Structure formats: structure tokens, C-alpha cells
Amino acid sequence: MLVKEKKERKYELPELQDVDGKVVMRIAPGPSGPLHIGHTRVSVLNDEYVKRYGGDLVLRFEDTNPEKIDPDAYDMIPEDLDWLGVRCNRTYIQSDRFEMYYDCTRKLLEMGKAYVCTCDADHWRNLKEQRQACPCHDLPVEEQLDRYDRFLAGEYEEGKAVVVVKTDLNHPNPAVRDFVALRLVSHPHPRTGDRYVAYPMMNLSVAIDDHEMGMTHVIRGKDHLNNTLRQEYVFDYFGWKKPVYYHYGLVNIPDTVLKTSLIKQSIRDGEYTGWDDVRTGTVRAMERRGIRPEAIRRYWVEAGMKAVDIQFSWENLFGMNRDIIDDASNRYFFVHDPVRYDIDGVDVIEGSAPKHPDHPERGSRVYRLEDPRTVFLSGEDSKAFAEAKSVRLKDLCNIDYALPARYAGNDVSVLKHGVRAVQWVGRDSVEAELLMPDGAVWKGLAEKDLASEAADMVQLERVGFARIEGREPGKVSMVFAHR
RNA sequence: GCUCCUGUAGUGUAGCGGCCAAUCAUGAAGCCCUCUCGAGGCUUCGACUCGGGUUCAAAUCCCGACGGGAGCACCA
């Protein structure tokens with residue numbers, strides 16, 4: 001066997017700026033559900049850099065909005081990361097750290113860099129729009145602190161007061177003028193119950209945590225650009241050293257349901273079977289479909305960290321996955337929507353096919369058909385057979401159309417004259433189901449050797465790659481990956 | 001409306017003043033090989049958004065227009 005030397009360009013992420021020894025980076029999801037393909041970019045990029053430079057990769061659950069938490073996500077997200085090969089060596093949960101956020105906020109109030117605002121939210125926003133301070137903005141520190149004590153004690157109703165971090169009301173960018181740091185929420189938190197009523201907003205908690213956890217570099221989506229600007233005010237007020245920020249472009253993932261709230265609703269409605277429903281874009285669905293984590297990793301490394309908005313291409317991802325799985329995937333016949341043909345004109349038909357054309361050492365599927373010589377073709381191939389009047393049963397023999405069909409020798413060269421070779425199964429086949437990406441289930445038959453295949457990825461010849469999901473006596477269920 | 005980010009083939013990417021009649025991957029088309037519509041081999045298709053400027057020289061720098069995207073939440 002020849003060793004193929006394929007020349008290909010090395011895909012490498014650019015060096016990070018200002019790396020001084022080890023790096024500390026983070027993945028900071030909100031625990032609203034499991035990870036989806038969109039989350040894998042930030043996960044892979046951070047992981048790649050921490051592996052390159054050494055250091056810590058932090059997993060931080062940003063669960064500061066009690067209304068958007070799915071308690072299962074605290075377990076599902078680490079599982080998803082683990083499958084992706086992303087190794088986080090420190091884990092934090094923000095709902096464990098409320099007291100610290102409160103302390104920092106108190107210091108900001110003492111420094112005069114924050115205020116407790118009791119204005120109407122719309123009014124406050126309008127004033128900001130016009131670069132004007134609300135009456136609470138310039139109240140004396142003593143009064144701010146007094147309000148703050150009452151704020152934390154729950155003496156204000158939800159929505160009646162917030163703590164605001166001052167930035168610059170004259171800032172030309174309206175998005176960075178004074179931002180809310182703490183709000184009141186009466187909805188119980190899955191982890192802390194009703195112990196707290198004051199909930200930090202992400203710009204506060206992220207700034208504090210990024211400093212406290214020692215982040216050296218932060219990679220995030222471009223949608224956080226303005227949040228970075230806001231968070232930098234907090235760093236500056238405390239005199240903290242800022243991490244180096246990178247903002248990659250937005251990813252448009254076509255034809256895929258990603259929104260966790262929608263998926264959750266569809267699961268509840270019974271439309272989707274679960275978080276791993278193949279119609280969704282969750283990491284679980286990728287895993288189930290036989291997409292390898294290495295393919296996802298390669299995809300994002302090649303995409304890099306540019307700030308350009310990009311279109312995600314399933315085709316490209318599938319191409320990369322095919323590269324990875326082709327060599328390991330043994331070949332089998334699967335017949336969708338089977339149509340029966342008996343073959344006349346011969347007593348016994350024998351044939352064989354390698355499990356993998358590039359790996360004869362893996363053995364063969366051996367065929368022997370005796371009276372009655374029965375085969376099944378897919379519904380589609382059956383129609384084509386009726387029209388073409390002849391067909392080759394791959395690795396077995398040729399037949400001519402009739403009822404019953406007529407044996408037509410075993411001359412492979414007919415393929416050169418336009419006869420099609422199709423997959424088929426005999427009477428010793430097993431029931432098989434193939435779950436398609438649109439949720440449809442293709443029922444059919446598979447050759448019996450498939451039932452004893454040890455690996456989980458196979459290629460169903462002329463159909464595509466599939467992952468074996470379940471084996472029962474006499475029945476195999478599979479999930480379609482891609483061609 | 002204001003502010004910010006960003007524009008290289010269908011998609012993603014390399015190049016970031018001369019080595020660019022622009023890289024690689026994926027895709028598409030064709031051929032070879034293979035008893036698969038897979039893999040492998042070969043060939044082909046296909047891009048610097050536009051207009052000004054700077055310069056001996058611009059995909060590369062500057063300005064403008066146009067296009068794409070985001071933010072202006074008591075979500076993250």
C-alpha cells in the first residue's frame with residue numbers, strides 16, 4: 001500500500017497578542033440548554049489557544065437571569081464540551097458569587113462611579129438618549145449607600161430600582177452610556193431559590209469575574225463589542241489590568257434550529273424527540289448524526305478568528321467529516337422501501353464484497369443465494385430496473401427484468417455499457433431504519449453482516465454515511481450523517 | 001436616528017505596498033481508477049464591492065460611496 005503524501009496548507013490560528021507565559025481563557029455560557037453548533041466556535045478557539053500556550057481554560061456558568069435557566073444545562077454543557085474534546089480545568093458558577101458582586105458594586109458606589117436609580121425605566125432610557133442624567137445620578141454617596149442597603153434587603157419592588165454603573169453620558173455611542181449593573185428579580189433561582197433578590201447584569205458580573213479569575217485573553221462574538229466597551233469602564237474604575245479582547249464575526253447557520261427556547265418548546269410539544277433531535281443544531285444532534293468532534297474543530301480552526309461575518313456551510317463540515325470517517329466506515333447494503341424480486345435461470349448465485357474497498361484485510365461480506373433466489377431492491381432502484389430492463393446486483397450478478405427476474409450472468413463489464421450497479425439484500429437480511437436529517441424514518445432492510453458490525457459508523461453504499469444507533473435482534477436502527 | 005465592526009471565487013480562508021496573470025480547503029463540472037452516487041488521481045470553473053486619492057508600484061495605505069452585520073434591554 002502506498003503512503004499518500006497529500007500536500008496541504010497548514011491551518012493555524014494567529015498568535016495571540018501579549019502572551020506572557022501561560023494564558024487564562026474562558027467559555028462562559030448561560031445555562032439555558034445544551035450547547036449548539038454556534039457555541040462550538042468559541043469553545044474550540046479558546047481550547048486551541050490554551051492547548052497551544054498552556055494555562056487554564058475556565059468554564060463559567062453565567063446564570064444571573066433566573067428566568068432563563070434550565071437546571072439540566074449545568075450537567076449537559078460539560079458533557080457537550082467533553083465530547084468536543086474541550087478540556088476546562090476550572091469551573092465557576094456565577095450564582096455562587098453574588099456576594100462578591102454586591103461588594104464590588106458597593107465599592108463603585110463609594111467611588112461615585114455608580115448610582116441607585118429609582119426612575120421609570122423608559123424615562124431613564126430617554127434621558128440617556130439625550131445625554132442627560134436622571135435625578136438619581138448625582139445624589140450624594142451617603143444616600144446612594146443607604147438606597148443600596150435597602151435595595152439588597154429587598155425593600156424595593158421588582159422593576160422599581162436598579163443599580164447603574166456610570167460611564168459617560170456624553171459618549172457618542174448611545175450603547176455605552178450608563179448601564180444597569182444590578183436589577184431586582186422575584187423569580188426564584190434554580191440554585192439559590194429566593195435567597196437573593198438583586199441579580200447582577202452580565203456587564204457587571206463578567207467584568208468582575210474576568211478580573212477575579214485572571215483572564216489574560218477573551219475571545220467572544222462581535223455582538224459583544226459594545227459590552228466589552230462597557231466592561232472596560234469597570235476595569236478602569238478599579239484600576240484592573242484588562243485582558244486582550246478578540247471579537248470574531250457573527251456566524252449565520254442556515255437551515256438549522258438553534259434557539260434553545262424554540263427547541264425546548266418543540267420538545268414539550270412532542271414535535272422533537274429531545275435535545276438530540278436530528279433536526280436541531282445541538283451538539284447532541286451532531287454527535288447522534290455521526291459528526292466527529294475533530295471535524296467541528298477543524299472547521300473552526302480553518303475559519304479562524306476574523307471579525308468578518310460568515311456563512312456556516314454544512315457542506316464544508318460534512319466534507320471534513322467525510323475525510324475523518326471514510327477510512328473507518330465499513331460498507332454495507334441498505335435497501336430503502338424494499339421491492340422483492342425472485343431470480344430464475346440459475347440454481348445458486350454466489351458473490352462477495354470487501355467490507356472496505358481500501359482495506360481487504362477487514363474481510364468480506366459473503367453471499368450465497370439458493371432456491372428461491374430472492375433479492376430486494378430499493379423502491380427507487382426497482383423503478384429504474386423496470387425501465388432499464390437490466391441491472392447489476394453489485395458484487396453478485398446481473399439480472400434482466402421479468403417476473404420473476406432472469407439471471408443474466410456475472411459479467412462486470414456491463415457496467416461500462418451503462419448498466420447500473422445497485423445495492424440489494426437477500427432473504428437473510430435484517431430490518432433496518434434510517435433516521436434522516438428532516439426527521440423522516442426510512443424503513444428498509446440491511447444485509448445481515450451490518451447487524452454484527454462493531455464500529456458505530458458505516459457507509460451504506462450509494463446512500464451515505466450513517467451512525468448505528470441501536471441494535472436489537474433482527475433489527476438495526478441508524479442515523480444518516482451525510483453522503 | 002446614533003455608534004461600532006466588516007467587505008478576496010458558491011462557501012470558508014491565505015496574502016496586508018512590488019515575489020499576486022492572487023493560496024489552500026470545500027463545492028461544481030469532466031476524465032481516469034474503483035463492481036458505490038464513497039475514497040484516490042488528474043483537469044477545469046471560479047474572487048480582490050465600486051469610485052477617487054497617495055505612490056515609480058495597491059488586493060494590500062487614505063478618503064468616500066455602496067453592501068453585509070451588530071449594539072443603543074432592568075437577556076446573555
Side-chain angles (χ1 to χ4, degrees), chain A residues 2 4 6-12 28-32 62-65 67-68 94 117 121-122 124-125 128-129 131 158-164 171-177 179-185 198-199 201-203 205-206 220-230 247-252 254 298-304 306-320 322-323 325-327 329 331 333 351-354 356-358 392-398 410-416 419-423 459-465 482-483:
Chain A
L2 287 170
K4 286 162 201 139
K6 225 173 98 183
K7 55 171 180 185
E8 56 184 43
R9 191 175 107 233
K10 263 261 196 298
Y11 282 90
E12 271 184 1
S32 57
E62 305 204 328
D63 57 346
T64 54
N65 180 359
E67 293 176 38
K68 276 196 187 168
Q94 288 191 320
C117 179
D122 289 332
W124 177 73
R125 261 196 302 269
K128 265 206 317 182
E129 193 67 35
R131 309 183 179 212
E158 180 173 319
K160 297 293 183 195
V162 287
V163 179
V164 176
H171 200 289
N173 185 347
V176 306
R177 295 177 201 153
F179 62 89
V180 176
L182 240 35
R183 62 170 179 156
L184 297 165
V185 181
Y199 284 82
M201 304 295 289
M202 65 102 91
N203 282 308
S205 52
V206 166
R220 50 187 2 191
K222 218 166 69 169
D223 49 328
H224 285 296
L225 229 24
N226 286 328
N227 289 322
T228 299
L229 295 176
R230 297 197 265 218
H247 300 90
Y248 60 77
L250 261 61
V251 186
N252 186 5
R298 183 179 149 200
Y299 190 96
W300 292 126
V301 168
E302 290 193 14
K306 296 207 308 187
V308 206
D309 299 339
I310 61 172
Q311 287 289 326
F312 183 82
S313 163
W314 287 106
E315 282 296 334
N316 285 15
L317 178 67
F318 293 158
M320 293 173 190
R322 199 180 292 120
D323 266 0
I325 63 175
D326 182 72
D327 192 71
S329 303
R331 272 56 170 167
F333 289 158
S352 78
H356 194 298
D358 302 333
R392 170 149 183 90
L393 303 177
K394 185 171 180 289
D395 305 307
L396 189 71
C397 69
N398 306 326
N410 192 20
D411 181 4
V412 180
S413 70
V414 297
L415 295 176
K416 299 212 186 289
V419 175
R420 297 222 297 176
V422 302
Q423 78 279 22
Q459 191 208 54
L460 304 173
E461 292 196 41
R462 301 211 316 133
V463 176
F465 291 90
H482 48 75
R483 299 216 79 147

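What you see is a predicted model, and the numbers here were worked out from it, not measured in a lab.
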Check the distance between [N]'s [atom2] and [X]'s [atom1] and give it to me in whole angstrom.
X: A:His356; N: B:G40; atom1: NE2; atom2: C1'; result: 11 Å
X: A:Asp326; N: B:U26; atom1: CG; atom2: P; result: 13 Å
X: A:Ile310; N: B:U26; atom1: CD1; atom2: P; result: 17 Å
X: A:Glu12; N: B:A25; atom1: CD; atom2: P; result: 16 Å
X: A:Asn316; N: B:A25; atom1: CG; atom2: P; result: 12 Å
X: A:Phe318; N: B:G27; atom1: CZ; atom2: C1'; result: 14 Å
X: A:Arg420; N: B:U36; atom1: CZ; atom2: P; result: 13 Å
X: A:Asp327; N: B:A39; atom1: CG; atom2: C1'; result: 9 Å

With sequence neighbours excluded, tell me which residues meet side-chain hydrogen bond (donor to acceptor under 3.5 Å, both in side chains) with [X].
X: A:Ser313; value: A:Asn316
X: A:Arg298; value: A:Glu302, A:Asp323
X: A:Glu67; value: none

How would [range] be written as a contact map, 5' to 3', with B for base contact, S for sugar-phosphate-only contact and - for no contact, using protein heavy atoms under 4.0 Å?
range: nucleotides 69-76 of chain B; value: SSBBSBBB
range: nucleotides 30-35 of chain B; value: -----B
range: nucleotides 60-65 of chain B; value: ------

Please round to the nearest 0.5 Å and tell me the distance separating atom CD1 of A:Ile310 and atom OH of A:Tyr248. 9.5 Å
Can you list everything that forms a salt bridge (charged side-chain N to carboxylate O under 4.0 Å, His left out) with [X]? Sequence neighbours excluded, please.
X: A:Asp309; answer: A:Lys222
X: A:Lys394; answer: A:Glu461
X: A:Asp326; answer: A:Arg331
X: A:Lys128; answer: none

Taking atom types as they are modelled, would you say the side chain of A:Glu302 forms a donor-acceptor pair with the base of B:U26 within the 3.5 Å cutoff?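 In this structure, the two groups form no donor-acceptor pair.
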Hey, is the side chain of A:Arg483 pairing donor to acceptor with the base of B:G38 inside 3.5 Å? no
Rounded distance in Å between the [atom1] positions of [N] and [M]:
N: B:A22; M: B:C48; atom1: C1'; answer: 8 Å
N: B:C16; M: B:U23; atom1: C1'; answer: 14 Å
N: B:G30; M: B:G46; atom1: C1'; answer: 15 Å
N: B:G18; M: B:U11; atom1: C1'; answer: 31 Å
N: B:C63; M: B:C5; atom1: P; answer: 12 Å
N: B:A70; M: B:U13; atom1: C1'; answer: 23 Å
N: B:G40; M: B:A57; atom1: P; answer: 46 Å
N: B:G41; M: B:A25; atom1: P; answer: 10 Å

What closest approach, in Å, do [X] and [Y] show between heavy atoms, and which atom pair accounts for it?
X: A:Glu158; Y: A:Leu184; value: CG-O, 3.1 Å
X: A:Arg131; Y: A:Pro172; value: NH2-CA, 3.8 Å
X: A:Leu415; Y: A:Val419; value: CD2-O, 3.3 Å
X: A:Asn398; Y: A:Asp411; value: ND2-O, 3.1 Å

Between A:Trp314 and A:Tyr299, is the ring centre distance below 6.0 Å?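 No, too far apart.
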What is the nucleic acid contact for [X], judged by heavy atoms within less than 4.0 Å: base, sugar-phosphate only, or nothing?
X: A:Arg131; answer: nothing
X: A:Phe333; answer: nothing
X: A:Gln311; answer: sugar-phosphate
X: A:Arg177; answer: nothing

By the definition side chain to side chain contact (heavy atoms under 4.5 Å, CB included), identify the one residue from A:Leu393, A:Leu460, A:Val463, A:Asp395 that meets it with A:Phe333. A:Asp395
Which dot-bracket string describes RNA chain B (Watson-Crick N1-N3 plus N6-O4 or O6-N4, or G-U N1-O2 and O6-N3, all under 3.5 Å; [ ] crossing; | other strand)? (((((((..(((.....[.....)))((((((.......))))))...(((((..]....))))))))))))....
Residue list, ring pair (Phe, Tyr, Trp, His ring centres under 6.0 Å) with A:Phe179, at least two apart or on another chain: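 Partners of A:Phe179 under the ring pair (Phe, Tyr, Trp, His ring centres under 6.0 Å) test: none.
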